Q: 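First, the structure itself, so that you have it in front of you.
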Protein chains: 2
Amino acid sequence: MKIFDTRTRQGEICNAAVELFYQKGYHATGMRELSTLLGMTAANLYNFFPSKEELLYHVLEHVITVFIDNVRSVIDLNADPVTQLTAAITANIRFHGENQKEALVSDSELRGLQGEMLQRVLEYRDKFEYEFRGILERGIQAGCFAPVNPKLTAIAILTMCTQVAYWYRPQGVWTLEDIAENYCNFVMIGLRPL
Amino acid sequence: MKIFDTRTRQGEICNAAVELFYQKGYHATGMRELSTLLGMTAANLYNFFPSKEELLYHVLEHVITVFIDNVRSVIDLNADPVTQLTAAITANIRFHGENQKEALVSDSELRGLQGEMLQRVLEYRDKFEYEFRGILERGIQAGCFAPVNPKLTAIAILTMCTQVAYWYRPQGVWTLEDIAENYCNFVMIGLRPL
DNA sequence: GTCTATACTGAGATAGAC
DNA sequence: GTCTATCTCAGTATAGAC
């Protein structure tokens, strides 16, 4: 399932942009090049997005909100912390493996944004990190997890998941399920209370 | 201790390049801009490096070799796997925290390279990953570690360390020693044989 | 929504004097 | 090693017709 709606011209532009940003990076990608890939003129792109940076913003904003909704939707608020953490890690890895290019771009091209557009994306990210950390904190409180530092550990775990977008190969030896299972085991054992 | 020799003009150029690549990215940095920062003309840069890409290559190659030597030097070949892994993780995190900009650039600007220059840097990286994985494999063999998948786990651990360059703040709450200790604990418990 | 045409700027890079 | 001057090309973006 594609993240951007391929039935609209805007969605097509975003998908093509992701493809090029993924291959060469945001700054190395030209509007001319993007328009060629889409079979249209560069000028026409400006009928959809007022600037290249706004295009990037639209892409990043959309990817991160879909990602967050995605992870939130698998977390049962009534479940115990171990179940919640397992679900969060699994969904996180799956997203970064199934939407590899989108995820990688949204992770690596943040620096292409400035000012308010940057702030808005950062808010999403911080909010998500906060929610994720909450699972760890409640687990520690409840005695399901060892009393680790929640913030550091949250970063460590999220980092591991995010990076899957960089090295995962769909044709490779491991499926996303393998990776998720492996990482969940690693984390759960690492968090086991003594 | 700076990675590039500040007594040579080449070293100065590399340090300035790292600074700008860190702030804005490789593609967003202009040769004019770089030369201004150095107090020279853009034309003069070409007396040191034949192209912008060669400059990037020189930076990345130097950073990765210093990094690898750095980690290798702390690993006692006669020590047990747990000691070796602890030393490797600690040195890794220290390098990425103490040479934050250099490490971040060398991690994120690889895509700026093409062809043979890219291949050469990738070889360094693969070789290092191979050596690191060896520690895990010997530890599993010896029964010090649980029988995890060595390749996946090596990636997970290295990723956690590398990413320190992205979020660590020298003025922050945690020292690099705190982070290293925390991560080592997390990993060692996660690898504890049942 | 899409085009042609083009303005304007800055990029990387080179030649050749000093 | 450093400069001035300059080439060439590609970048983002706009105006205005259809």
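Residue numbers begin at 1 in each chain, while the letters A, B, ... track the order of the sequences. The model shown is predicted, which means the values in this text are computed figures rather than measured ones. What's counted below: heavy atoms across the whole structure, side chains too, no hydrogens, waters or symmetry copies.
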Q: Which helical stems does DNA chain C take part in, if a stem means at least 3 consecutive Watson-Crick or G-U pairs with both distances below 3.5 Å?
A: C:1-18 with D:1-18

Q: Between the protein and nucleotides 4-11 of chain C, which nitrogen or oxygen pairs are less than 3.5 angstrom apart?
A:
from   : atom 1 : to      : atom 2 : distance (Å)
C:dA11 : N7     : B:Arg32 : NH1    : 3.4

Q: Is the distance between the ring centroids of B:His58 and B:Phe49 less than 6.0 Å?
A: yes

Q: Output the rounded distance in Å from CG (B:Leu55) to P (C:dA13).
A: 10 Å

Q: Please give, in whole Å, the distance from C:dA13 C1' to B:Phe49 CZ?
A: 16 Å

Q: Show me the donor-acceptor pairs, under 3.5 Å and distance only, between side chains in residues 59-66 of chain A and residues at least two apart or in other chains.
A:
from    : atom 1 : to       : atom 2 : distance (Å)
A:Glu61 : OE2    : A:Tyr124 : OH     : 2.9
A:Thr65 : OG1    : A:Glu61  : O      : 3.0
A:Thr65 : OG1    : A:His62  : O      : 3.0

Q: Can you check the A:Leu38 CG to C:dG1 P distance for me, whole Å?
A: 14 Å

Q: Distance check, rounded to the nearest 0.5 Å: B:Arg94 atom CZ versus B:Ile89 atom CD1?
A: 13.5 Å

Q: Got A:Leu85 and A:Leu136 here, is their nearest side-chain heavy-atom distance under 4.5 Å?
A: yes

Q: Which label fits B:Tyr183 and B:Trp167: parallel for a plane angle under 30°, tilted from 30 to 60°, or perpendicular past 60°?
A: tilted

Q: Write down the distance between NZ (A:Lys24) and P (D:dA10), rounded to a whole number of angstrom.
A: 11 Å

Q: In whole angstroms, how far is the P atom of C:dG1 from the CZ atom of A:Arg9?
A: 10 Å

Q: Starting from P on D:dT14, measure out to CD on A:Glu54 and report it in whole angstrom.
A: 12 Å

Q: Angle between ring planes, B:His96 versus B:Phe67, binned at 30° and 60°: parallel, tilted or perpendicular?
A: perpendicular

Q: Check whether more than 12 heavy atoms from other residues, nucleotides or ligands sit under 6.0 Å from atom CD of A:Glu181, and answer yes or no.
A: no

Q: Between A:Glu123 and A:Gln119, does a side-chain hydrogen bond (donor to acceptor under 3.5 Å, both in side chains) hold up when you go through it step by step?
A: CA-CA 6 Å; A:Glu123 274 167 32; A:Gln119 290 314 312; over 6 Å; no

Q: Separation of B:Glu53 atom CD from C:dG12 atom C1', in whole Å?
A: 12 Å

Q: Does the plane of the ring in A:Tyr26 sit parallel, tilted or perpendicular to the ring in A:Phe21? Use 30° and 60° as the thresholds.
A: perpendicular

Q: Report the distance from atom OH of B:Tyr46 to atom C1' of D:dT6, rounded to the nearest whole Å.
A: 14 Å

